[in-house]
Protein chains: 2
Amino acid sequence: MKSEKISELTTNRLSVYLRCLNEIAVAGAKTVSSKALADRFHLNSAQIRKDLAYFGEFGVRGVGYYVEALRNHLTKILGLDRENRVGIIGAGRLGTALADYYGFRKANFTVAALFDADPKKIGKKVGETEVKDIKNFAAVVKQDNIEVAVIAVPAEFAQAALERVEKAGIKAVMNFAPVALKTSNGVKLKSIDLTTSLESLSYFLAQPPKQSSRNVKPKVKDRRE
Amino acid sequence: MKSEKISELTTNRLSVYLRCLNEIAVAGAKTVSSKALADRFHLNSAQIRKDLAYFGEFGVRGVGYYVEALRNHLTKILGLDRENRVGIIGAGRLGTALADYYGFRKANFTVAALFDADPKKIGKKVGETEVKDIKNFAAVVKQDNIEVAVIAVPAEFAQAALERVEKAGIKAVMNFAPVALKTSNGVKLKSIDLTTSLESLSYFLAQPPKQSSRNVKPKVKDRRE
DNA sequence: ACCAAATTGTGAAATATCGCGCAATATGGT
DNA sequence: ACCATATTGCGCGATATTTCACAATTTGGT
């Protein structure tokens, strides 16, 4: 275990490992090796060991990792053992779809409130959650202990939404608007940009087919079984 | 211009640049410098120049880039000047929300069909688009010239969906199921994993606050104005 | 015609990320 | 007790990506 800074690539993979461990636990295995994990996705076993080693020596040489123990460790490391209260800004199609997205619950995220500026939407309920006036954002955040904001508004309003979020003292934000946002220091912003993902796929299709061989993932030298 | 392989990080950025150029074009500027572009997002101007240089010498020294010309180049490079026909697999909440997502149209993607296995959903219409039986996937793909598949089914069915897609000869797939999929050679898979993104945010929140200084983005040394 | 300012394209240096290879160590068989 | 096998943790070299820094070029002012 070292106390270097952890890259986001690593934390993303931790999430994937945990997901996999859950499957393995259901299947009933007691231990699992990094090699076995690596084979499930297309990853290198050394990378898995290295990712885990940032946080401790969880494995046993000659044996592998104890599934239950590693599961508990990863759950704690990722903070999934505590509730994360979420406020979603934007009660449009995306915002309301997210409000009852199962994945939130699975990651121990509770959608505490939805916010919108449209008087026609304010006051309505989406599932269990009431749509509140965005003007009351800061007050609701305090009252409901909201720590995470999700921005699901059109691109032109996203920066303003982010600034309101930051003023309310929130430190973790997930953004779905297709726009580059500027954050203040200490605020963690994670963006999911569907447009960019689509256009990147489009690029692939637009390329002459000879180049398709480039996308063959020549990695994964760990898979000779 | 060199003919190296282009990283996906680069193509993602091209998409962002294009979006920015569109704004600039609306604002009426004729030319733009890499520095001006860099300042809009938190990027390094050299990176922008280098990204563009993979595809040609679009700039003029001492002047910058002609907005209209660069816009046209990027549109072509990303393949946004031709229609991309899409089939969405899974007519659940996500699939139907995607079916009339505005971003698809903007990127010149046309949702040609939705597919599902549930007899209750088959035959219904979502906006303009009819929900078809997944069993007829390959036939519909041929008939409607579908080139891109979007997987919006629960995780446990995603791998099967992908295999069906590949058998139908489709080479570009976007996956929303939170699971690591295995693709055949030559098939481009782009995954958007909300669960992983959430858990990565959760990690940030779970960390002791001393570490928040790590996330200050010490990059962007190009911003001294 | 010349010079200062602006700005590109790009080689080279700096960082970041990944994968190999192996010593260290645990297990199970004999 | 010993040896063969399995498998981790990790140093180190390999790749990938980003950033620097500067010659080359264009523009506009004098």
Side-chain angles (χ1 to χ4, degrees), chain A residues 1-14 16-17 24 29-39 41-67 69-70 73 214-225, chain B residues 1-14 16-17 24 29-39 41-67 69-70 73 214-225:
Chain A
M1 157 120 103
K2 347 176 171 181
S3 69
E4 297 170 36
K5 61 175 179 178
I6 309 298
S7 127
E8 193 160 319
L9 297 171
T10 296
T11 59
N12 286 345
R13 282 191 298 265
L14 291 184
V16 174
Y17 302 158
I24 289 173
K30 282 283 175 234
T31 65
V32 66
S33 71
S34 60
K35 172 101 163 44
L37 276 173
D39 287 350
F41 355 92
H42 293 252
L43 280 178
N44 181 288
S45 65
Q47 181 158 70
I48 296 179
R49 294 198 295 277
K50 201 157 267 192
D51 285 340
L52 296 175
Y54 284 125
F55 300 95
E57 301 203 359
F58 301 138
V60 180
R61 291 169 192 218
V63 178
Y65 299 89
Y66 289 99
V67 175
L70 187 53
H73 275 125
R214 282 186 343 225
N215 300 71
V216 167
K217 296 205 186 184
K219 322 222 154 177
V220 191
K221 299 188 183 154
D222 205 42
R223 320 204 73 251
R224 19 99 190 153
E225 176 88 317
Chain B
M1 160 119 99
K2 349 175 171 179
S3 69
E4 296 169 38
K5 62 175 178 178
I6 308 299
S7 126
E8 191 158 321
L9 297 170
T10 296
T11 60
N12 286 345
R13 282 191 300 264
L14 292 184
V16 174
Y17 303 158
I24 289 173
K30 281 283 175 237
T31 65
V32 65
S33 71
S34 59
K35 171 101 165 45
L37 275 173
D39 287 350
F41 357 91
H42 293 251
L43 279 178
N44 181 289
S45 64
Q47 182 159 68
I48 296 179
R49 293 198 295 278
K50 202 156 262 192
D51 284 341
L52 296 176
Y54 284 124
F55 299 96
E57 301 202 0
F58 302 138
V60 181
R61 290 169 192 220
V63 176
Y65 298 90
Y66 289 99
V67 175
L70 186 54
H73 275 124
R214 283 187 341 227
N215 300 70
V216 167
K217 294 203 187 185
K219 322 221 155 176
V220 191
K221 298 188 184 154
D222 205 42
R223 320 201 74 250
R224 19 100 188 151
E225 179 93 315

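In what follows, chains are A, B, ... by sequence order, proteins preceding strands, each numbered from 1. Predicted model only: the values in this text are computed from it and were never measured.
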Across nucleotides 25-30 of chain C, 5' to 3', mark each nucleotide with B, S or - according to how protein heavy atoms within less than 4.0 Å reach it.
BSS---

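Look at CD on A:Q47: it is 17 Å from P on C:dG21, rounded to the nearest Å. In this structure, the CG atom of A:L9 is 15 Å from the C1' atom of C:dG19, given to the nearest Å. Rounded to whole angstrom, the span from the CG atom of A:N44 across to the C1' atom of C:dC20 amounts to 8 Å. For the pair B:K35 NZ and C:dG9 C1', the computed distance is 18 Å after rounding to whole Å. Rounding to whole angstrom units, CG of residue A:L43 and C1' of C:dG19 are separated by 12 Å. Atom-to-atom, OH of A:Y54 to C1' of C:dA16 comes out at 10 Å; the value is rounded to the nearest Å. Rounded to a whole Å, the CG atom of A:L52 is 12 Å from the P atom of D:dC10. Note: CD (A:E57) to P (C:dA23) measures 18 Å, nearest angstrom.
Rounded to the nearest 0.5 Å, atoms CD (A:E8) and CG (A:N12) are 5.5 Å apart. Taken to the nearest 0.5 Å, the CG atom of B:L43 stands 11.0 Å off from the OG atom of B:S34. Summarising the geometry, atom CG belonging to B:L14 is positioned 10.5 Å from atom CD1 belonging to B:I48; distances are rounded to the nearest 0.5 Å. Here CD1 of A:I24 is found 5.0 Å from CG of A:L37. Values are rounded to the nearest 0.5 Å. Annotation: the span from A:R13 atom CZ to A:K50 atom NZ amounts to 11.0 Å, rounded to 0.5 Å.
Comparing B:G64 and A:D51 by the nucleotide of DNA chain C whose heavy atom lies nearest to each, the residue mapping closer to the 5' end is B:G64.
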Please tabulate, one pair per line, each protein N/O and nucleotide N/O from nucleotides 12-14 of chain C that are separated by under 3.5 Å, including the distance.
unit_1: C:dA12; atom_1: N6; unit_2: B:K50; atom_2: NZ; d: 3.0

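Picking from C:dT10, C:dC18, D:dT17 the nucleotide with the shortest atom distance to the side chain of B:S7 gives D:dT17. In this structure, the nucleotide among C:dT10, D:dT19, C:dG21 sitting nearest to the side chain of A:R49 is C:dG21. In the set C:dC20, D:dA21, D:dT7, D:dT7 carries the atom at the smallest distance from any side-chain atom of A:S33. The side chain of A:K5 approaches C:dA16 more closely than any other nucleotide in the set D:dA16, D:dC10, C:dA16.
Listed by chain and residue number, nothing satisfies the salt bridge (Lys or Arg N to Asp or Glu O under 4.0 Å) test with B:R49 (two or more places apart in sequence, or in another chain). Every side chain to side chain donor-acceptor pair (under 3.5 Å) that A:Y17 has, sequence neighbours left out, goes to A:D51. By the side chain to side chain donor-acceptor pair (under 3.5 Å) test, B:T11 is found to be paired with A:S200, residues two or more places apart in sequence or in another chain being considered. For A:Y66, there are no ring-ring contact (aromatic ring centres under 6.0 Å, His included) partners two or more places apart in sequence or in a different chain.
When all heavy atoms are compared, the tightest approach of A:A38 to A:N44 is CB-C, 4.0 Å. Considering all non-hydrogen atoms of both residues, B:S7 and B:L9 come closest at OG-N, 2.9 Å. Residues B:F58 and B:L52 approach most closely at CE1-O, 3.8 Å, considering heavy atoms.
Computed from C1' positions of five pairs at each end, the angle between the two local axes of the helix from C:dA1-D:dT30 to C:dT30-D:dA1 equals 0°, rounded to 10 degrees.
Neither OP1 nor OP2 of D:dT7 sits under 4.0 Å from any side-chain N or O of A:S34.
Within 4.0 Å of B:T10, counting heavy atoms only, lies no atom of the nucleic acid at all.
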